[in-house]
Amino acid sequence: MITDTTRQRLAELETLVTGGEQGRWLVLTHDNPDPDALASAQLLARLLEKAYGQTVTCGYGGLIGRAENREMVRALNFRFSHLRHLRWGDYKRFALVDTQPQTGNNQLPKDIVPDVVLDHHPPRRATASSPFADVRTEYGASATIAAEYLAAAGVEMPKTLATGLVYALRAETQDFQRESAGPDKALYDELLPQVDKRRLARIQSARLPIEYFRNIHNPLGNLSSVETLIVSHLGELEQPDIVPEVADLLLRLEGKTWSLATGLYGERVYLSIRTTNVRADAGRIMRRLVGRNGKGGGHGMIAGGWVKITTGYADEPRGLQEQLAKRLAKALRKNPEKLQPLRLRGAE
């Protein structure tokens with residue numbers, strides 16, 4: 001499915017790519033990229049390479065930490081380079097996918113204005129400075145936008161990329177239980193018969209290291225709740241990807257409509273918010289939580305962010321985690337003082 005908007009914007013993109021300064025492209029995801037970001041980068045890179053003859057590198061910061069995400073890259077032979085292996089000066093053109101400039105969740109330096117921005121999160125002020133920005137908040141995934149451009153340009157989508165895109169759409173929308181516009185589901189239905197089912201199964205059933213079970217065990221024994229809000233604070237983490245995974249899991253608890261998971265990584269507290277409320281604006285709430293001490297964002301039912309561990313909490317960051325939980329409770333009009341431990345049956 002190709003919208004009229006995509007056909008019109010493709011002409012603008014072609015003018016930008018072929019008429020601007022020529023040189024290598026760096027397509028950059030947000031830090032700790034998820035399936036939507038990974039698929040979006042590969043789709044845009046293929047468009048630039050096959051339709052316009054550009055040389056492209058896909059890069060990321062942080063970690064590809066979640067087992068399914070690592071298997072996605074490995075099984076589908078997606079080419080990605082960590083930014084520690086790249087030099088900014090080697091590239092003339094830059095693109096951001098599934099993120100925007102100066103959001104705090106990507107490594108693009110502030111003095112570099114990206115030529116292209118593709119995203120489905122609420123637009124940020126700095127995005128307006130980019131020569132080409134396509135931000136569609138009504139879409140459930142950034143990869144859908146990139147896929148429409150590929151189709152509009154008449155570039156064939158290989159089986160591996162179709163497989164990655166199908167998995168990204170399922171992961172980003174939780175099998176379309178989360179908010180998702182018509183184009184996402186239409187694209188999914190169109191591509192599903194084309195996927196490599198064996199590789200898709202490998203991704204969905206990726207083998208998990210023992211650390212994963214340790215990371216899951218600890219937060220389940222450390223729950224607190226007030227009314228429909230469920231909270232868990234994780235300690236020091238080997239990688240921050242586990243935080244949103246715990247938030248997803250907590251939201252499945254019967255009777256709960258909001259979840260918050262926090263965890264410590266480096267000098268930051270990472271946060272993830274989830275809700276079943278289709279009218280919510282989790283991204284706005286996240287930005288209120290982190291304030292000026294961090295960065296955060298998201299959209300209706302899902303949000304993530306981080307807060308720098310300040311001097312006052314350096315020796316006891318758990319206090320900061322608890323303070324953030326109280327802020328969320330207050331933002332949801334619940335009494336933060338009534339946040340009480342929630343013991344699993346049989347737990348000591």
Side-chain angles (χ1 to χ4, degrees), residues 1-3 5-7 9-10 13 27-30 32-51 56-60 64 66-80 95-99 116-121 134-206 299 302:
M1 180 178 179
I2 307 170
T3 63
T5 298
T6 298
R7 295 183 191 279
R9 298 306 310 275
L10 179 65
L13 179 61
V27 176
L28 184 63
T29 71
H30 56 71
N32 312 310
D34 58 12
D36 188 23
L38 296 170
S40 298
Q42 293 294 304
L43 286 161
L44 180 58
R46 185 168 178 81
L47 174 68
L48 293 171
E49 291 171 344
K50 300 300 182 181
V56 185
T57 297
C58 291
Y60 70 97
I64 301 178
R66 197 162 177 166
E68 294 87 347
N69 300 350
R70 293 197 303 270
E71 187 61 31
M72 178 182 179
V73 172
R74 182 166 49 241
L76 302 178
N77 298 313
F78 283 174
R79 292 175 297 144
F80 279 93
L96 289 177
V97 292
D98 204 33
T99 184
V116 173
V117 176
L118 295 183
D119 195 18
H120 72 123
H121 299 96
D134 193 346
V135 179
R136 306 186 194 183
T137 57
E138 71 275 18
Y139 277 48
S142 299
T144 302
I145 306 171
E148 284 190 11
Y149 279 109
L150 198 69
V155 177
E156 180 185 4
M157 185 180 301
K159 199 179 192 74
T160 52
L161 193 47
T163 302
L165 179 50
V166 162
Y167 178 70
L169 291 171
R170 294 181 67 171
E172 187 70 9
T173 65
Q174 285 197 333
D175 285 325
F176 298 95
Q177 293 182 53
R178 282 192 187 137
E179 78 277 24
S180 57
D184 303 286
K185 188 61 165 63
L187 178 63
Y188 175 85
D189 291 341
E190 178 183 341
L191 291 177
L192 189 59
Q194 305 175 33
V195 304
D196 186 323
K197 293 181 175 58
R198 182 180 59 83
R199 295 191 190 192
L200 182 60
R202 281 177 54 188
I203 297 168
Q204 293 174 316
S205 303
H299 39 98
I302 175 175

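- For Glu71, the salt bridge (charged side-chain N to carboxylate O under 4.0 Å, His left out) partners are Arg74, Arg202, not counting sequence neighbours.
- Looking only at distances, no side-chain donor or acceptor of Thr99 sits under 3.5 Å from a matching main-chain atom of Thr29.
- Between the side chains of Thr3 and Arg9, no donor-acceptor pair of N or O atoms lies under 3.5 Å.
- Contact check for Leu47 versus Leu44: side-chain heavy atoms found under the 4.5 Å cut-off.
- Side chains of Asp98 and Asp34 form a contact here, defined as non-hydrogen atoms less than 4.5 Å apart.
- Residues Gln42 and Cys58 have side chains in contact (heavy-atom distance under 4.5 Å, counting atoms from C-beta outward).
- Lys159 is not listed as a side-chain neighbour of Arg199, based on a closest heavy-atom distance of 4.5 Å or more.
- Listed by chain and number, the residues in a ring-ring contact (aromatic ring centres under 6.0 Å, His included) with Tyr60 are His82 (sequence neighbours excluded).
- Between Thr144 and Asp184, the side chains place a donor N or O and an acceptor N or O closer than 3.5 Å (distance only, hydrogens not considered).
- Only one option out of Thr163, Leu165, Thr160 pairs with Val195 in a side-chain contact (heavy atoms from CB on, under 4.5 Å); it is Thr163.
- Every residue two or more places apart in sequence or in another chain that forms a salt bridge (charged side-chain N to carboxylate O under 4.0 Å, His left out) with Arg79 is listed here: Glu49.
- For the pair Leu48 and Val27, the minimum side-chain heavy-atom distance is below 4.5 Å.
- No side-chain heavy atom of Thr173 sits less than 4.5 Å from a side-chain heavy atom of Tyr188.
- Using a 4.5 Å cut-off on side-chain heavy atoms (C-beta onward), His121 and His30 make no contact.
- Using a 4.5 Å heavy-atom cutoff, the side chains of Pro33 and Ile64 are in contact.
- Panel note: side chain Arg46, backbone Glu156; a donor-acceptor pair is recorded below 3.5 Å.
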